[in-house]
Amino acid sequence: MGDTSLLRTPLYDLHVELGAKMVPFAGYDMPVQYPLGVLKEHLHTRTRAGLFDVSHMGQVRLRGASIDAVIQALEALVPGDIAALAPGRIRYTMFTNDEGGILDDLMVTRFEDHLYVVINAGCKVEDLAHLKAGLPADISIDYLGDDAGLLALQGPEAVSVMARLLPQAATMGFMSARSAMIDGIPVQISRSGYTGEDGYEISVGAADAEKLARLILAQDGVEAIGLGARDSLRLEAGLCLYGHDIDTTTNPVEAALTWTISKRRKTDGGFPGASVVQAQLAGGPARKRVGILPEGKAPAREHTEIQDLSGNRIGEITSGGFGPTAGGPVAMGYVDAGSAAVGTPVQLIVRGKALPAKVAAMPFAPHRYFKG
Amino acid sequence: MTIRFTKDHEWIKLDGGVATVGITDYAQNALGDVVFVEVPDAGKVLEQGKDAAVVESVKAASEIYAPVDGTVLEGNAALGDDPSLVNTAPEGDGWFFKMSIKDMAQFEALMDADAYKSFTEGL
């Protein structure tokens, strides 16, 4: 606690007051867990509602002469179908490089007159430089930086909690966003998240962030949840963590993110590395991101070697640990395409021992996104 | 019954020639929720300061070192069913293994309860 070289979010004082264990994360002093502990925080989010501080993520607004010009400009950097977004709709996509490698993953929201983009904390500097270099000069890049906080409320009770504060929240569609006022605080709220649960992400001015967080925490069913549980929740949900499950050495096809690329963009390309991605779509990738379910109780961590039953190296775990909802170890990683079918028996080399495991379908905890 | 502590936060309790080893309350608190423990099998020869067991919290794996030279007599099978015993009873039912001690001088040289208390207060 108290490392002054680290950045602080607008909720830093609140985290300390709540008794959070603070750790350095992507240059920020962030709460990894509260006194409840990671296990209970995880399960609380799955059964009730958890409030996360994700203010370390980067929020950017892109504006230009017209919204169409902004969409066209961003589509030159991402394989996602941004043009297909109706106003107030959100899409998950990624920045790719000329080899099809992933520079970062991001959420893009289309508003009437601009795009709103959320990027990873650890990639902010590079992403902003990438946007500046890759977008035409007349597209303005407004990085909200320390002026904005970002909260996430996740879990089956998120909707009832949020509806008490903002009745319209209850009917918002999954992956939609809108501006609103909560107790006099102007916010931008989206129905989205990173836990596999129904929930919301709320962008709020830095000056109001703590007031809003306290208001939400005061609601029945809400607990503050740290980055530790955020990681186990997203792992069970089968969601990628940048720098671990995806990076510049993996492309969207290998990463099993082909679903994020529409037919138009698959056909027309027009994003960095499109030819590599198109070739992999046609011929199939040499390796693939899959779920891995260890059969015993020992968790298999990141970088654990995956072997076939003959002892040949076929890949590596990229995220792994204990899944509190799954009630045992869960993992994901890359394996050779020939071993990627669900049910394929593999072995994991944990502390020199070969432990039995299987390629498994993800998610490990069923997604419970709002379906309308 | 005599108890000693290591700088790596293991405790070793000697009772009638059999020593029981676990991790301290300080250690379990630092580790957080324990979800898996790998204990050594009976007969395994242990060397002071070398790996003896593994404890995994939700987030990370940590090695548990042998506090002294000796031989494993029994691993705590109860931890297989309920690893959270390490959190709830670190210096009781959450013990890791029982061992024989090869060299009592090694045991005597470890910290006693007061010395360990001062040690953790300085961390």
Side-chain angles (χ1 to χ4, degrees), chain A residues 1 19-23 25 30-46 225-236 241 244 294-304 317 319-331 348-353 355, chain B residues 8-9 23-47 49-66 72 75-90 93-94 96-97 120-123:
Chain A
M1 232 181 282
K21 183 177 171 194
M22 305 298 286
V23 298
F25 182 81
M30 295 296 290
V32 65
Q33 65 175 79
Y34 297 88
L36 203 55
V38 177
L39 216 56
K40 288 191 180 124
E41 289 174 28
H42 179 115
L43 295 170
H44 184 89
T45 305
R46 289 259 186 261
I225 309 296
L227 292 181
R230 184 170 167 84
D231 191 51
S232 53
L233 287 159
R234 71 89 199 166
L235 169 60
E236 281 185 342
L241 176 61
H244 300 262
E295 285 174 11
K297 290 183 176 175
R301 308 284 178 182
E302 186 177 2
H303 302 310
T304 297
I317 300 288
S319 283
F322 179 81
T325 309
V330 293
L348 308 174
I349 309 305
V350 177
R351 291 181 286 273
K353 275 184 256 176
L355 305 181
Chain B
D8 298 312
H9 308 285
I23 63 170
T24 65
D25 186 56
Y26 178 93
Q28 72 78 18
N29 196 40
L31 281 171
D33 299 312
V34 170
V35 295
F36 175 76
V37 182
E38 188 178 295
V39 296
D41 295 330
K44 185 178 177 184
V45 176
L46 300 177
E47 198 180 328
K50 297 287 173 60
D51 299 352
V54 177
V55 57
E56 303 232 18
S57 66
V58 181
K59 193 66 190 158
S62 308
E63 308 291 346
I64 303 303
Y65 306 110
V72 174
N76 185 0
L79 295 181
D81 297 328
D82 186 7
S84 72
L85 286 172
V86 177
N87 294 116
T88 55
D93 290 344
F96 280 38
F97 55 89
T120 54
E121 281 166 2
L123 293 178

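All chains are named by letter (A, B, ...) in the order of the sequence lines, taking the proteins before the strands, and each is independently numbered beginning at 1.
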* Asked: Given that the side chain runs from C-beta out, which part of B:Ser57 has a heavy atom under 4.5 Å from chain A: side chain, backbone, both or neither?
  -> backbone
* Asked: What heavy-atom pair brings B:Ala61 and A:Arg351 nearest, and what distance separates the two atoms?
  -> CB-NH1, 4.0 Å
* Relative to chain B, which of A:Gly228, A:Gly323, A:Pro299 shows the most heavy atom pairs under 4.5 Å? -> A:Pro299
* To do: Spell out the residues in residues 28-38 of chain B that have some non-hydrogen atom less than 4.5 Å away from a non-hydrogen atom of chain A, in order of number; otherwise answer 'none'.
  => B:Ala30, B:Asp33, B:Val35, B:Phe36, B:Glu38
* Structure fact -> So, the part of B:Ala60 with a heavy atom under 4.5 Å from chain A: the answer is backbone
* Asked: Does A:Arg46 have any salt bridge (charged side-chain N to carboxylate O under 4.0 Å, His left out) partners at least two apart in sequence or in another chain, and if so, which?
  -> A:Glu197, A:Glu236
